[in-house]
Amino acid sequence: MNSSLKGKLALAFLLVFVAGAATGAFLGLHHLTHHSVLGPPHSGDVPDKMREHFRRALGLTAEQENKIAPIIDATSAKLETIRVETAERVRTVMEQSKKEIAPLLTPEQQKKLDKLDSEHRKMMYHHGFLPPPPPKDKSPPPTP
């Protein structure tokens, strides 16, 4: 294989790599701007996103947007209440299961379970979920 052919092959591989990287960057940016990322929607975002979705999907007039605004606000408030209640129920069930599992573990495993729980709380906090209230028998967990 001569050096000219090697250079052309290297250039072709480089072009394919650059094209793949550009495509990946474009698709990743598109996904981030058009789809939710991990974490709960922030309370203020829900009504705005609902309004924008209805406006685009239904082609609403300004008058229609004004008429449905109170309905969207009320719906958003109801959904937030449901989200908070559901999160609390899930948290309660998970804490209960941990209390049932812990006595079945060795002391070393219990420490590992506590570490898993701490890491889970940090991850949830990082993704926008508010930390739960501290358990009544423990001090509050450190915030990251």
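For clarity, every value in this text was computed on a predicted model and none was experimentally measured.
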Legend entry - Remaining members of hydrophobic cluster (4.5 Å side-chain criterion), Met94: Val90

Legend entry - Connected-component partners of Val84 among ILVMFWY, side-chain separation under 4.5 Å: none

Legend entry - Heavy-atom side-chain contact between Arg83 and Glu80 under 4.5 Å: yes

Inset, instruction - Measure the shortest side-chain to side-chain distance between Thr81 and Glu85 over non-hydrogen atoms and say whether it is less than 4.5 angstrom. - result: yes

Legend entry - Min side-chain heavy-atom separation His53-Leu58 under 4.5 Å: no

Legend entry - Donor-acceptor contact below 3.5 Å, side chain Thr92 vs main chain Glu88: yes

Legend entry - Where at least one partner belongs to residues 60-75, residue pairs that pass salt bridge (charged side-chain N to carboxylate O under 4.0 Å, His left out), sequence neighbours excluded: Arg51-Asp73, Glu63-Lys67

Inset, instruction - Quick one: name the residues clustered hydrophobically with Leu11, using the 4.5 Å side-chain heavy-atom rule over I, L, V, M, F, W, Y, and just say none if it's on its own. - result: Leu15

Legend entry - side chain to side chain contact (heavy atoms under 4.5 Å, CB included) between Arg55 and Glu52, worked out: CA-CA 5 Å; Arg55 186 184 64 74; Glu52 181 63 19; 2.6 Å; yes

Inset, instruction - State the CD-CD1 distance between Gln64 and Ile68, to the nearest 0.5 angstrom. - result: 8.0 Å

Inset, instruction - Measure the shortest side-chain to side-chain distance between Met50 and Val46 over non-hydrogen atoms and say whether it is less than 4.5 angstrom. - result: yes

Legend entry - Heavy-atom closest pair, residues Ile72 and Phe54: CD1-CD1, 3.7 Å

Legend entry - Glu119, CD atom: more than 12 neighbouring heavy atoms under 6.0 Å: yes

Inset, instruction - Supply the members, apart from Ile101, of the Ile/Leu/Val/Met/Phe/Trp/Tyr cluster built from side-chain contacts under 4.5 Å; use none for a lone residue. - result: Leu105, Leu113

Inset, instruction - May I ask you to decide whether Glu95 forms a salt bridge with Lys99, counting only side-chain N to carboxylate O separations under 4.0 Å? - result: no

Inset, instruction - Enter the distance from Lys8:NZ to Asn2:CG here, rounded to the nearest 0.5 Å. - result: 8.0 Å

Inset, instruction - With sequence neighbours left out, write down each residue that passes side chain to side chain donor-acceptor pair (under 3.5 Å) with Thr106, or none if nothing qualifies. - result: Gln109

Legend entry - N/O donor-acceptor pair under 3.5 Å between Thr86 side chain and Ile82 backbone: yes

Inset, instruction - Starting at CE of Met123, measure out to NE2 of His120 and round the result to the nearest 0.5 Å. - result: 4.0 Å

